[in-house]
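FYI, side chains are in, hydrogens and waters are out, and symmetry mates aren't considered; it's all heavy atoms of this structure. Numbering starts at 1 and runs along the sequence shown.
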Amino acid sequence: MVAVTAMVPAARPTAPRRDRLVAAVALAFSLAVSRLPLRWQIAAIRLLRGLPYARLNRLEALYAAVLAVIPSWWPGRIACMEISLATVLASALTGRQARWVLDARFLPDAAHAWAEVPEGAIGRDVGDAVDRPWISVLSVP
């Protein structure tokens with residue numbers, strides 16, 4: 001008897017239609033802004049300073065919506081930096097702010113980005129951060 005292994009693709013997260021619409025606009029803007037120099041991206045995010053902070057559960061919902069609208073046909077990079085920026089922008093489109101955090105670590109060298117509010121963070125990689133902690137490089141706004 002021959003064993004057959006079937007590869008099943010991971011299910012894409014789902015989100016309410018309104019959240020997906022906001023996330024799609026934010027992701028499109030994030031991909032456009034990611035072509036600009038980092039200092040211009042930071043300046044754009046700093047414009048959101050006056051908004052009140054989003055709740056953690058709302059930020060989690062927007063993060064899931066951004067993950068749900070990522071197109072499979074996109075030829076370029078859509079990784080943690082673009083996803084976290086889109087999450088922060090989606091939060092701003094709903095009248096709230098979140099911090100965009102860029103971190104780095106050594107051995108091996110790595111960089112990571114996520115969104116956070118005072119209640120907690122979303123998109124943060126904590127799997128192996130115990131022995132190789134992230135060093136905060138930038139938190140905007």
Side-chain angles (χ1 to χ4, degrees), residues 2-141:
V2 176
V4 178
T5 303
M7 298 298 290
V8 178
R12 291 180 64 131
T14 58
R17 178 173 285 178
R18 182 175 181 270
D19 285 354
R20 285 194 321 257
L21 178 63
V22 169
V25 170
L27 183 62
F29 189 68
S30 170
L31 293 172
V33 169
S34 67
R35 302 276 186 189
L36 299 174
L38 183 60
R39 69 177 183 270
W40 291 8
Q41 294 176 41
I42 293 167
I45 297 301
R46 283 201 172 133
L47 295 174
L48 310 175
R49 272 192 202 158
L51 297 173
Y53 277 104
R55 304 291 299 182
L56 182 60
N57 61 351
R58 184 67 184 134
L59 194 64
E60 289 171 346
L62 290 171
Y63 180 76
V66 169
L67 293 178
V69 299
I70 292 175
S72 59
W73 52 264
W74 184 257
R77 169 192 152 102
I78 301 180
C80 62
M81 190 166 183
E82 293 80 14
I83 293 169
S84 60
L85 180 57
T87 304
V88 170
L89 293 171
S91 179
L93 288 173
T94 61
R96 302 291 179 166
Q97 78 166 316
R99 283 189 298 268
W100 188 39
V101 182
L102 306 175
D103 281 14
R105 69 176 170 200
F106 301 103
L107 300 172
D109 296 341
H112 190 52
W114 63 82
E116 73 177 12
V117 291
E119 296 175 49
I122 188 74
R124 186 172 186 182
D125 176 25
V126 294
D128 57 356
V130 174
D131 59 340
R132 297 179 300 135
W134 292 104
I135 301 167
S136 186
V137 176
L138 180 68
S139 180
V140 183

When the side chains of residues 86-94 are checked against the rest of the protein, which donor-acceptor pairs come out under 3.5 Å, sequence neighbours left out?
{"unit_1": "Thr87", "atom_1": "OG1", "unit_2": "Ile83", "atom_2": "O", "d": "2.8"}
{"unit_1": "Ser91", "atom_1": "OG", "unit_2": "Arg96", "atom_2": "O", "d": "3.2"}
{"unit_1": "Thr94", "atom_1": "OG1", "unit_2": "Ser91", "atom_2": "O", "d": "2.7"}

Could you list the donor-acceptor pairs under 3.5 angstrom formed by side chains in residues 20-41, with sequence neighbours left out?
{"unit_1": "Arg20", "atom_1": "NH1", "unit_2": "Ala15", "atom_2": "O", "d": "2.6"}
{"unit_1": "Ser30", "atom_1": "OG", "unit_2": "Glu82", "atom_2": "O", "d": "2.9"}
{"unit_1": "Ser34", "atom_1": "OG", "unit_2": "Ser30", "atom_2": "O", "d": "3.4"}
{"unit_1": "Ser34", "atom_1": "OG", "unit_2": "Leu31", "atom_2": "O", "d": "2.8"}
{"unit_1": "Gln41", "atom_1": "NE2", "unit_2": "Leu36", "atom_2": "O", "d": "3.0"}

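For Ala121, the side-chain contact (heavy atoms from CB on, under 4.5 Å) criterion is met by Trp114, Glu116, Arg124, not counting sequence neighbours. For Ser84, the side-chain hydrogen bond (donor to acceptor under 3.5 Å, both in side chains) partners at least two apart in sequence or on another chain are Trp100. Remark: Ala110 pairs with Arg105, Trp134 by the side-chain contact (heavy atoms from CB on, under 4.5 Å) rule, at least two apart or across chains.
To the nearest 0.5 Å, the span separating CG on Leu48 from CD1 on Ile45 amounts to 5.5 Å.
Among pairs with a residue in residues 47-64, those fulfilling side-chain hydrogen bond (donor to acceptor under 3.5 Å, both in side chains) read Asp19-Arg58, Tyr53-Arg99, Arg55-Glu119, at least two apart in sequence or across chains.
When all heavy atoms of Ala54 and Val117 are compared, the closest pair comes out as O-CG1, 3.5 Å.
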